[in-house]
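Presented below is the structure to which this report refers.
This one's a predicted model, so the numbers in the text were calculated from it and none came from an experiment.
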Amino acid sequence: MKIAFVGKGGSGKTTLSSLFIRHLAAGGTPVLAVDADINQHLGAALGLDEAEAAALPAMGAQLPLIKDYLRGTNPRIASAATMIKTTPPGGGSRLLRVGEDNPVYAACARTVRLDDDAEIQLMATGPFTESDLGVACYHSKVGAVELCLNHLVDGRDEFVVVDMTAGSDSFASGMFTRFDMTFLIAEPTRKGVSVYRQYREYARDFGVRLKVVGNKVQGPDDLAFLREEVGDDLLVTVGHSDWVRAMEKGRPPRFECLEEPNRLALRSLREAADASYEGRDWEQYTRQMVHFHLKNAESWGNERTGADLAAQVDPSFVLGEERSATPQPA
């Protein structure tokens, strides 16, 4: 299942996404984690030191490889150069699975070892480089994530967890519709719930499943504030954690030492994610993918690539779990 963590900068979304990833991995669940935030802190939150985190390959730098691999033998795509971030798969396209070996993961994913030899795969969009400053748009880097999500087939007991860019920047593309569940991290402040209101309004017409996780909740007044502001969308709250404080200093105890109230909160997130599986609609998922591709094609894609990108849409293709990854050529 595909899970997004969103929220304003400083809300704790990276910390909570890392805790959720650890929780899944501790239970033996296959996890592909993706750092899609410009600040690139997920690796450190998962225990990488500064040098290890800096050495993570940048997905944005591997975009030509990603496009070439995913294109496969799809006859509707004339060349990898005509693929944009929203290009949907069709007959002949190569698809991705969470636990497989493929050139995209070989180039972009790295194994991160957690407690008790639990492992996850981590990919990162990559930070801005000096050559990007003043001339590049960060959404062009996140486009590598969107393209991979469009071509990814995932099942009930495997997870893709994405730490999204802060605020409402996700709505600059259709990536906000790519998830089975979106957890919005909100502090009990007016600014803390402002991103929730934006997300709720933007996502309303697209059937996005949204639950709020209250963070830095210190007492009944904070809880009452969140309940008043977000209503039934409030799933659970998280308070102070000595374990998190130690983790932020680079000295986390074993994950089993996380405070019981916070462990219960993570179980609630897993239960909500599992429940969202029953509402999966691959036909709607594919329609939304095509919808945003056609919008991007008309607004900028056709002009930039010099091709009619609407012709890339395969009207008979529906992404779904019954589709397996296309074998690589010998």
Is it true that a side-chain atom of [X] and a backbone atom of [Y] form a donor plus acceptor pair closer than 3.5 Å?
X    : Y    : result
W243 : P253 : yes
Y105 : R97  : yes
N302 : L309 : yes

Distance-minimising heavy-atom pair for [X] and [Y]:
X    : Y    : result
G7   : K13  : N-CD, 3.6 Å
T87  : N150 : O-ND2, 3.8 Å
A273 : I3   : CB-CD1, 3.8 Å
I84  : A297 : CD1-N, 4.4 Å

Does a sphere of radius 6.0 Å around CZ in R245 hold more than 12 heavy atoms from other residues, nucleotides or ligands, not counting ones at 6.0 Å or beyond? no
Within a radius of less than 6.0 Å around CD of E303, do more than 12 heavy atoms belonging to other residues, nucleotides or ligands occur? no
Just by distance, with hydrogens left out, do [X] and [Y] show a side-chain donor and acceptor under 3.5 Å apart?
X    : Y    : value
Q40  : T125 : yes
S241 : E259 : yes
T29  : R270 : yes
Q121 : T111 : yes
D180 : Y277 : no
S11  : E187 : no
H293 : Q312 : yes

Of V112, V161, L32, the residue whose pairing with I120 passes side chain to side chain contact (heavy atoms under 4.5 Å, CB included): V112
What distance separates [X] [atom1] from [Y] [atom2], expressed to the nearest 0.5 Å?
X    : Y    : atom1 : atom2 : answer
R209 : K211 : CZ    : NZ    : 11.0 Å
L42  : L48  : CG    : CG    : 8.5 Å
M83  : I66  : CE    : CD1   : 10.0 Å

Are [X] and [Y] within salt-bridge range, i.e. N to O under 4.0 Å?
X    : Y    : value
R22  : E256 : no
E260 : R267 : yes
E321 : R280 : yes

Show your reasoning for whether side chain to side chain contact (heavy atoms under 4.5 Å, CB included) applies to D314 and N74. CA-CA 9 Å; D314 183 344; N74 187 336; 5.8 Å; no
Cationic tip of R178 within the cone over Y285's six-membered ring, i.e. under 6.0 Å and within 45° of the normal? yes
Less than 4.5 Å apart, side chain to side chain, heavy atoms only: is that true for D37 and M164? no
Evaluate the criterion side chain to side chain contact (heavy atoms under 4.5 Å, CB included) for residue pair F292 and F206; output intermediate values, then yes/no. CA-CA 11 Å; F292 283 104; F206 293 94; 3.6 Å; yes
Is the distance between the ring centroids of F5 and F20 under 6.0 Å? yes
